[in-house]
Amino acid sequence: MKIATYNVNGVNGRLDVLLRWLEEASPDVVCLQELKAPDPKFPVKAIEAAGYGAIWHGQKSWNGVAILARDREPTLTRKGLPGDPDDTHSRYIEAAIDGMVIGCLYLPNGNPYPGPKFEYKLAWFDRLTAYAAELLELDVPVILAGDYNVMPTELDVYKPERWVNDALFRIEVKDAYHRLLEQGWTDALRQLHPGDRVYTFWDYFRNAFARDAGLRIDHFLLSPHVTKRLSAAGVDRHVRGWEHTSDHAPAWIELSDGPAEEDQ
DNA sequence: ATGGCTGGACAATCCAGA
């Protein structure tokens with residue numbers, strides 16, 4: 001089973017790129033971020049024509065998350081992160097698929113630091129961490145996938161010294177990420193590629209992709225049940241080289257078959 | 001170090017992204 005996460009940076013503006021990648025990569029489940037579209041503008045017909053069922057949580061202009069599942073309908077289990085009823089951003093959606101809980105998240109960028117956007121990022125992170133603890137208590141397979149807007153270590157940044165005061169690399173944010181991991185989650189890509197530079201984002205400026213001036217900010221966090229099944233992880237970085245593409249590339253993991261086989 | 005690029009909402013620039 002192949003599960004992907006992709007910050008598509010505009011689901012309508014880049015629909016051609018999304019469909020091309022779906023056709024090529026054929027993931028079973030896809031977590032999308034940055035739809036940049038309100039609910040009625042989600043391109044559900046094109047996605048269904050490509051063979052995917054979908055649930056989505058959109059918003060005008062910004063944010064927006066969705067979960068796609070090949071040849072089936074994801075079962076919606078949650079829209080929006082608990083902990084703040086006044087939060088209007090569409091940044092979390094969750095589904096039950098194949099006996100797993102799959103949370104798709106778009107953590108706030110938080111720039112500029114310092115400021116209210118940075119404070120919102122930290123508060124959102126705290127809410128995610130509190131909710132993640134509840135998910136672990138369920139003792140079922142859970143995947144929290146998406147754009148975390150944090151480079152966890154220096155290995156995840158092309159030039160760490162340039163980013164020390166950026167909201168994606170501030171110590172408060174890295175600490176929050178590590179506190180989340182300490183609950184018992186596994187960073188799937190880092191688990192299988194402990195020493196490699198594997199980026200998921202290259203900005204549009206200064207020819208960043210050609211220079212490989214990238215960041216690793218899209219992550220899969222796996223609960224213990226899922227970690228046991230992790231067989232591969234990677235990034236479809238060539239997609240970042242396509243015309244009219246997102247500034248992120250799709251990242252993916254592969255899982256071996258479910259608990260029945262694992263117990264043999 | 002900074003400014004560079006891109007899309008969306010608008011109908012000229014501004015905002016947000018990372």
Side-chain angles (χ1 to χ4, degrees), chain A residues 5-21 31-43 46 56-66 87-92 104-122 124-125 128 145-174 176-177 197-219 235 237 239-251:
Chain A
T5 184
Y6 186 21
N7 179 323
V8 71
N9 191 9
V11 72
N12 287 305
R14 306 196 196 280
L15 185 58
D16 50 344
V17 172
L18 174 63
L19 295 175
R20 179 181 172 189
W21 169 72
C31 296
L32 294 176
Q33 303 86 34
E34 277 212 81
L35 303 179
K36 294 185 171 176
D39 281 340
K41 294 262 181 79
F42 184 81
W56 61 96
H57 184 26
Q59 182 177 340
K60 189 179 172 185
S61 302
W62 300 302
N63 308 319
V65 284
D87 186 1
T88 58
H89 294 202
S90 297
R91 295 183 177 276
Y92 188 83
C104 169
L105 64 104
Y106 176 43
L107 212 134
N109 176 303
N111 277 307
Y113 167 85
K117 291 187 175 181
F118 187 72
E119 295 307 312
Y120 173 67
K121 179 178 196 168
L122 294 181
W124 205 94
F125 219 139
L128 176 64
D147 179 356
Y148 282 74
N149 270 315
V150 51
M151 296 83 87
T153 71
E154 298 208 337
L155 187 59
D156 303 310
V157 199
Y158 67 99
K159 198 170 245 193
E161 66 274 18
R162 283 242 178 120
W163 291 82
V164 286
N165 276 325
D166 189 279
L168 281 69
F169 203 52
R170 280 288 308 175
I171 185 70
E172 298 91 331
V173 178
K174 285 183 284 189
Y177 187 80
R197 292 197 172 272
V198 184
Y199 300 137
T200 64
F201 167 91
W202 299 259
D203 88 33
Y204 290 123
F205 309 149
R206 292 164 309 204
N207 215 15
F209 183 57
R211 296 187 297 118
D212 199 26
L215 310 172
R216 188 175 76 96
I217 55 177
D218 299 275
H219 308 300
V235 177
R237 61 174 283 143
V239 174
R240 179 62 181 80
W242 290 354
E243 288 294 314
H244 202 56
T245 199
S246 170
D247 40 7
H248 296 248

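From a predicted model like this one, the values you see are computed outputs, not experimental measurements. Within every chain, numbering begins at 1; the chains are lettered A, B, ... in the order of the sequence lines, protein sequences first and strands thereafter.
In this model, the phosphate group of dA18(B) is approached by a side-chain N or O of H248(A) to a distance below 4.0 Å at OP1 or OP2. Contact annotation: K121(A) does not reach the phosphate of dA18(B) (side-chain N/O to OP1 or OP2, under 4.0 Å). A close approach under 4.0 Å does occur between a side-chain nitrogen or oxygen of Y106(A) and OP1 or OP2 of dA18(B). Residue R14(A) has a polar side-chain atom (N or O) positioned under 4.0 Å from OP1 or OP2 of dG7(B). OP1 or OP2 of dA18(B) lies within a sub-4.0 Å distance of a side-chain N or O belonging to N7(A). Taking 4.0 angstrom as the limit, N109(A) places a side-chain polar atom (N or O) nearer than this to OP1 or OP2 of dA18(B). Under 4.0 angstrom from either OP1 or OP2 of dT6(B) there lies no side-chain N or O belonging to H244(A).
Formation of a donor-acceptor pair under 3.5 Å by the K117(A) side chain with backbone atoms of P112(A) is not found in this model. Looking at R14(A), its side chain does come within 3.5 Å of a backbone N or O of H244(A) through a donor-acceptor pair. The closest donor-acceptor contact from the side chain of R240(A) to the backbone of P250(A) lies at 3.5 Å or more, if one exists at all.
Among the nucleotides dA18(B), dC10(B), dG8(B), the one closest to the side chain of K36(A) is dG8(B). Nearest to the side chain of F205(A), among dA16(B), dG4(B), dA18(B), sits dG4(B).
Side chain to side chain, N109(A) and K121(A) fail the donor-acceptor criterion of an N or O pair below 3.5 Å. Counted by atom type alone, N9(A) and Y204(A) present one or more donor-acceptor pairs between their side chains at under 3.5 Å. The closest side-chain donor-acceptor pair between D218(A) and H248(A) falls under 3.5 angstrom.
Among the protein residues, D218(A) comes within range of no part of the nucleic acid, since none of its heavy atoms lies under 4.0 Å from any strand. Within 4.0 Å of K117(A), counting heavy atoms only, lie sugar-phosphate atoms of the nucleic acid but no base atom. Here D203(A) lies out of heavy-atom contact (under 4.0 Å) with every strand. Within the 4.0 angstrom heavy-atom criterion, only backbone atoms of the sugar-phosphate kind lie near G13(A); the bases stay farther away. Across all strands, N63(A) comes closer than 4.0 Å to no nucleic acid atom at all (heavy-atom distances). Among the atoms of the strands shown, none is found under 4.0 Å from any heavy atom of Y113(A).
Between the C1' atom of dG7(B) and the NZ atom of K60(A) lies a distance of 15 Å, rounded to the nearest Å. The distance between atom CZ of F201(A) and atom C1' of dG17(B), rounded to the nearest whole Å, is 8 Å. In this structure, R216(A) atom CZ and dA18(B) atom P are separated by 16 Å, rounded to whole Å. Protein atom CD of E34(A) is 9 Å distant from nucleotide atom C1' of dA18(B), rounded to whole Å. Taking atom CZ of R162(A) as the reference point, atom P of dA1(B) lies 8 Å away to the nearest angstrom. One can place CG of L35(A) at 18 Å from P of dA16(B), the figure rounded to the nearest angstrom. Rounded to whole Å, the distance from CD on Q59(A) to C1' on dA16(B) is 12 Å. Taking atom CG on N9(A) and atom P on dG17(B), their separation rounds to 11 Å, with Å as the unit.
Looking at L105(A) and W124(A), their side chains come closer than 4.5 Å, going by heavy atoms from C-beta outward.
Under the ring pair (Phe, Tyr, Trp, His ring centres under 6.0 Å) rule, H219(A) has a single partner from Y106(A), Y177(A), F201(A), which is Y177(A).
Taking the six-membered ring where the residue is Trp, Y148(A) and F125(A) present tilted rings, their angle falling between 30° and 60°.
Along DNA chain B, the nucleotide nearest G110(A) and the nucleotide nearest E161(A) are compared for position; the residue whose nucleotide lies closer to the 5' end is E161(A). Residue Y204(A) is the one, among V11(A) and Y204(A), whose nearest nucleotide of DNA chain B lies closer to the 5' end (criterion: closest heavy atom).
Using atom C1' as the reference point in both dA1(B) and dA11(B), the two lie 35 Å apart (nearest Å). dG7(B) and dA12(B): their C1' atoms are spaced 16 Å apart (whole Å). As rounded to the nearest Å, dG4(B) and dA16(B) have C1' atoms that lie 15 Å from one another.
Listed by residue number, N149(A) are the residues of residues 148-157 of chain A with a heavy-atom contact under 4.0 Å to DNA chain B.
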